[in-house]
Amino acid sequence: MSHFGYGCAIQSTSRYVLLGNSSNPTSVSSGGSEFLGNSIKNFSFSKVFGKRQRFGHSPLKVVCVDYPRPELDNTSNFLEAAYLSSTFRNSPRPQKPLEVVIAGAGLAGLSTAKYLADAGHKPILLEARDVLGGKIAAWKDEDGDWYETGLHIFFGAYPNIQNLFGELGINDRLQWKEHSMIFAMPSKPGEFSRFDFAEVLPAPLNGIWAILKNNEMLTWPEKIKFAIGLLPAMVGGQPYVEAQDGLSVQEWMRKQGVPDRVTDEVFIAMSKALNFINPDELSMQCILIALNRFLQEKHGSKMAFLDGSPPERLCMPIVEHIESLGGEVILNSRLKKINLAQDGTVDSFLLTNGKEVRGDVYVSAAPVDILKLLLPDEWKEIPYFKKLDKLVGVPVINVHIWFDRKLKNTYDHLLFSRSPLLSVYADMSVTCKEYYDPNRSMLELVFAPAEEWISRSDTDIIEATMKELAKLFPDEIAADGSKAKILKYHVVKTPRSVYKTVPDCEPCRPLQRSPLEGFYLSGDYTKQKYLASMEGAVLSGKFCAQAILQDYDLLVARAQRELAGAGNV
């Protein structure tokens with residue numbers, strides 16, 4: 001496997017099409033970083049070569065073509081997710097549609113509302129802030145540039161997400177990258193090591209081949225010991241995976257006789273990418289679930305970027321779908337209190353603006369830390385809610401830096417920094433259509449673990465980030481700013497993000513149906529097999545909607561009792 005630490009390291013990662021008068025575009029490849037990006041429309045070659053090139057009478061245009069969408073639709077997990085989606089569309093139309101009040105318009109809340117609307121019910125989705133998306137929220141600054149809560153990657157192993165894009169007719173908004181995982185080499189500043197998954201091989205051979213071909217990060221004895229250590233997981237399947245929840249990654253590796261260097265070389269980066277914490281804290285179950293998905297599905301580890309900001313390019317189509325079916329989505333509606341009826345069930349949601357919102361059913365799709373703050377005192381000792389105490393959101397910081405030039409030592413891909421302070425990063429001016437800039441780079445970086453930094457100033461965080469970037473871009477970035485200059489930056493702090501997947505958390509994750517009639521939970525922390533992820537959030541929303549549909553007769557009877565009770569007052 002070659003290092004890519006020289007000049008422009010992107011020579012094989014993008015394809016371009018020259019457009020002229022000919023109706024048949026001609027594919028070419030380019031190694032020049034000035035061409036990199038996605039959707040370079042109306043971009044004349046004269047801007048690059050200083051000379052006007054013509055094809056007939058029209059100037060040539062360069063349009064970046066992403067990798068095609070992988071063949072996901074016939075995989076067992078995709079078909080399972082598609083079937084679950086179809087059950088909502090095909091369910092009998094309710095004689096009395098339920099009004100379902102949902103607090104939180106992140107992916108979990110949006111998913112719950114979408115699938116309830118598909119089944120003929122009326123969701124009323126309340127979002128505390130003025131922006132959609134929750135953990136995938138983003139904002140536009142005064143220059144019109146977006147900055148986001150996190151660096152969001154859509155994997156082939158996300159079947160419910162992939163189905164959702166298809167159901168909304170927005171598959172073309174995912175920009176698929178080459179099937180590789182690319183790691184920086186701390187011992188060789190500016191150089192990278194790659195795991196390339198062969199297209200011609202099925203799973204798990206493509207993943208095994210990628211590991212065997214890489215001789216820069218792991219030695220052959222280390223690979224063999226790691227493979228032997230993984231054998232119980234491969235033989236034992238899901239029951240074995242779930243049984244490892246009590247061990248940290250580091251503990252499991254040592255128990256299996258895997259050298260510490262394997263953890264240092266690969267699993268520090270992987271742990272931080274999965275849950276923003278180090279291997280000495282992360283539950284091994286989390287790693288094994290990811291490895292299972294990546295190794296058992298041919299395109300499981302293939303990555304895509306969204307072609308713009310998540311609120312506009314993903315959340316708004318969901319909202320439009322919900323509203324087209326009669327549902328409501330209301331921003332600036334922060335839940336203040338869960339009001340209870342005499343029997344201890346929910347009477348209404350009280351908002352901070354004083355408004356009371358009533359419905360037939362109530363759902364909390366807020367993060368687990370917010371839910372715990374809102375729990376009525378009467379509920380706190382109920383075992384279902386009491387066990388939530390162990391689920392605590394992990395702090396994370398997302399950093400965006402705009403530079404005065406185009407950085408060359410990068411890829412059109414997600415990169416694992418292997419830095420003690422940073423997790424993953426990407427040059428969004430290359431990877432994302434809406435953020436494309438031919439002249440300047442915008443690096444988006446996940447700063448993790450962030451617990452010791454979340455209270456530090458933005459200036460401190462940027463200064464520390466620049467020191468790490470000087471190692472990743474030794475020829476282009478200097479810690480003192482003497483090379484590439486910062487034009488501006490944004491630092492987004494999330495004090496409590498996804499729940500911290502530490503050992504022994506799994507028994508604490510609740511089912512979506514609560515023991516209190518008419519009250520349900522949705523969120524990636526609830527019970528589903530994709531843990532703390534966008535896929536987990538969407539699947540939890542489907543499970544929540546499914547539970548409500550299963551309880552339809554019970555919920556209608558409850559609503560009738562309440563109506564009768566109100567009439568007798």
Side-chain angles (χ1 to χ4, degrees), residues 66-86 107 111 152-167 171 174-183 194-214 223 226-227 230-242 244 266-267 269-271 273-275 284-306 413-414 416 424 501 524 528-540 542-543:
D66 287 296
Y67 283 76
R69 183 176 182 269
E71 295 179 6
L72 303 171
D73 298 8
N74 291 322
T75 63
S76 59
N77 283 318
F78 185 93
L79 292 171
E80 179 185 321
Y83 173 74
L84 181 54
S85 292
S86 72
L107 278 179
S111 171
H152 308 293
I153 299 298
F154 298 81
F155 286 98
Y158 281 0
N160 291 282
I161 286 268
Q162 298 303 334
N163 268 278
L164 179 61
F165 272 81
E167 292 160 25
N171 274 332
L174 286 177
Q175 295 182 250
W176 291 95
K177 308 304 177 184
E178 65 177 334
H179 198 171
S180 302
M181 288 189 171
I182 306 172
F183 291 76
R194 300 166 57 106
F195 292 87
D196 293 313
F197 294 73
E199 184 63 30
V200 296
L201 295 176
L205 294 180
N206 63 341
I208 294 170
W209 178 250
I211 294 169
L212 293 180
K213 272 192 71 181
N214 184 304
K223 292 175 188 177
F226 177 49
L230 272 181
L231 280 176
M234 298 172 75
V235 173
Q238 191 64 24
Y240 177 87
V241 169
E242 292 178 3
Q244 306 316 301
V266 177
F267 288 100
M270 195 168 178
S271 298
L274 286 170
N275 199 237
M284 188 61 196
Q285 184 196 29
C286 186
I287 291 285
L288 290 175
I289 286 174
L291 287 176
N292 186 41
R293 295 274 77 81
F294 291 168
L295 289 175
Q296 297 302 323
E297 300 176 30
K298 178 176 179 178
H299 303 292
S301 57
K302 193 167 179 122
M303 304 180 210
F305 283 70
L306 193 61
H413 215 299
L414 181 77
F416 293 82
V424 291
T501 315
D524 61 12
Q528 43 72 29
K529 62 183 177 181
Y530 289 94
L531 304 182
S533 64
M534 292 186 291
E535 172 71 7
V538 170
L539 182 55
S540 77
K542 293 171 95 166
F543 283 168

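Hydrogens, waters and symmetry mates play no part in the numbers below; they use all other heavy atoms, side chains included.
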I need the [X] [atom1] to [Y] [atom2] distance, nearest 0.5 Å.
| X | Y | atom1 | atom2 | value |
| --- | --- | --- | --- | --- |
| Met534 | Ser111 | CE | OG | 13.0 Å |
| Phe197 | Leu205 | CZ | CG | 12.5 Å |
| Leu414 | Met181 | CG | CE | 8.5 Å |
| Asn206 | Glu297 | CG | CD | 11.0 Å |
| Asn74 | Leu79 | CG | CG | 6.0 Å |
| Met303 | His179 | CE | NE2 | 7.5 Å |

Pairing residues for [X] by the salt bridge (charged side-chain N to carboxylate O under 4.0 Å, His left out) criterion, not counting sequence neighbours:
| X | value |
| --- | --- |
| Glu199 | Lys298 |
| Glu80 | Lys529 |
| Glu535 | none |

Only one of Thr75, Asp73, Leu174 passes side-chain contact (heavy atoms from CB on, under 4.5 Å) with Gln162; say which it is.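 Of all the options given, the one that passes is Leu174.
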Quick one, [X] and [Y] - any side-chain contact, counting heavy atoms below 4.5 Å?
| X | Y | result |
| --- | --- | --- |
| Arg293 | Asn77 | yes |
| Ser271 | Ile287 | yes |
| Val200 | Trp209 | no |
| Phe195 | Phe416 | no |
| Leu291 | Leu230 | yes |

Non-hydrogen atoms of [X] and [Y] that approach each other most closely:
| X | Y | value |
| --- | --- | --- |
| Ala203 | Leu295 | CB-O, 3.3 Å |
| Leu107 | Ala537 | CB-CB, 4.0 Å |
| Phe543 | Gln528 | CE1-CB, 3.9 Å |
| Tyr240 | Ala233 | CD2-CA, 3.3 Å |
| Pro159 | Ala157 | CD-O, 3.1 Å |
| Thr501 | Cys286 | CG2-CB, 4.1 Å |

Quick check on Tyr83: does its OH atom have over 12 non-hydrogen neighbours (other residues, nucleotides or ligands) under 6.0 Å away?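 Counting other residues, nucleotides and ligands, OH of Tyr83 stays at 12 neighbours or fewer.
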Has Glu71 got more than 12 heavy atoms of other residues, nucleotides or ligands less than 6.0 Å from its CD?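 Incorrect, the count does not exceed 12.
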Test your reading of the model: is there a side-chain donor-acceptor pair from Lys223 to the backbone of Ile211, 3.5 Å cut-off?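 Present.
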Donor-acceptor check, side chain of Asp196 to backbone of Ser180, threshold 3.5 angstrom: yes or no?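 Flag not set: sc Asp196 to bb Ser180 has no pair under 3.5 Å.
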Under the rule for side chain to side chain donor-acceptor pair (under 3.5 Å), what residues qualify as partners of Asn163, not counting sequence neighbours?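 Residues passing side chain to side chain donor-acceptor pair (under 3.5 Å) with Asn163: none at all.
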What residues, two or more places apart in sequence or in another chain, satisfy side chain to side chain donor-acceptor pair (under 3.5 Å) together with Lys542?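 Partners of Lys542 by the side chain to side chain donor-acceptor pair (under 3.5 Å) criterion, ordered by chain and then number, come out as Ser85, Asn160.
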Ring geometry between Phe155 and Phe294 (parallel below 30°, tilted from 30 to 60°, perpendicular above 60°):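 Because their plane-to-plane angle lies in the 30° to 60° range, the rings of Phe294 and Phe155 count as tilted.
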Could I get the full list of ring pair (Phe, Tyr, Trp, His ring centres under 6.0 Å) partners for Tyr530, not counting sequence neighbours?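 Result, ring pair (Phe, Tyr, Trp, His ring centres under 6.0 Å) vs Tyr530: none returned.
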